[in-house]
Amino acid sequence: MQRIASQIPYIATIPFMLIFGFSLLFQKLGLTALAAIGVFTISFPVNIVLSSIMAQLAKKYMVKQGQRMSSTTETLNNIKTIKLYSWIEIFRDIIYDRRNDELNMLLKRQIVMAITLGSLLFFPLILQLTCYSVYIGFGNYLDLPTAYSIIAVFNIIEAPLRQFPIFIGNF
């Protein structure tokens with residue numbers, strides 16, 4: 001509840017930041033700003049889906065870790081009986097299998113995390129490259145003051161793209 005309460009003001013400002021940023025982009029670039037909107041509409045849902053997958057894998061990892069810990073605890077609690085009946089290999093195999101399941105889940109989780117972090121760095125770059133390419137492709141000249149002001153506008157637009165998937169992963 002504390003996380004939600006602390007992040008609500010920022011989440012509430014996201015639509016205003018996007019509207020303000022895209023209106024400034026339209027003012028500077030004209031209709032070529034539609035390319036930026038296209039990239040943004042693709043990247044925003046992709047990042048949300050990736051972060052929700054990451055959250056699901058984190059939950060599954062915790063379940064696998066709990067199963068392994070309960071098997072290990074059960075084995076340690078009954079060590080005398082296990083040694084008496086020579087069940088050491090059986091319980092060792094059970095613990096190793098659960099540990100392998102846990103490590104496989106951890107690997108999947110880390111791969112998705114790497115893809116998510118890569119997309120958080122990749123999409124803002126593609127957003128800028130696409131917008132500049134379309135602007136120059138339509139025969140416009142990109143001078144230095146325009147380029148710097150467009151970079152400032154991109155920083156306004158990209159802030160929700162960088163922050164919002166983190167909010168989804170926390171919930």
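Side-chain atoms of Thr130 do not come within 3.5 Å of backbone N or O of Leu127 as any donor-acceptor pair. Side-chain N or O atoms of Ser133 include one that pairs as donor or acceptor with a backbone N or O of Leu129 at under 3.5 Å.
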Quiz prompt | Test log, rule side-chain contact (heavy atoms from CB on, under 4.5 Å), inputs Leu24 and Lys28 | solution = CA-CA 6 Å; Leu24 285 176; Lys28 289 287 184 187; 5.7 Å; no

Quiz prompt | Audit row: Leu125, Phe122, side-chain contact (heavy atoms from CB on, under 4.5 Å) steps and yes/no | solution = CA-CA 5 Å; Leu125 178 66; Phe122 173 74; 5.6 Å; no

Self-check item: Verdict with reasoning, Leu142 to Ile150, per side-chain contact (heavy atoms from CB on, under 4.5 Å)
Solution: CA-CA 10 Å; Leu142 187 64; Ile150 292 171; 4.1 Å; yes

Practice problem: Might you work through the side-chain contact (heavy atoms from CB on, under 4.5 Å) test for Phe138 and Leu29, ending with a clear yes or no? | Solution: CA-CA 11 Å; Phe138 277 112; Leu29 299 179; over 6 Å; no

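Side chains of Leu34 and Phe26 form a contact here, defined as non-hydrogen atoms less than 4.5 Å apart. At a threshold of 4.5 Å between non-hydrogen side-chain atoms, the residues Met54 and Leu50 do not count as touching. You'll find the side chain of Leu103 reaches within 4.5 Å of the side chain of Arg99, heavy atoms only. You'll find the side chain of Ile94 stays beyond 4.5 Å of the side chain of Trp87, heavy atoms only.
Enclosure of atom CG in Leu76 by more than 12 non-hydrogen atoms of other residues, nucleotides or ligands within 6.0 angstrom is indicated.
For the salt bridge (Lys or Arg N to Asp or Glu O under 4.0 Å) test with Glu102, the passing option among Arg68, Lys60, Lys64, Arg109 is Arg68; the others fail.
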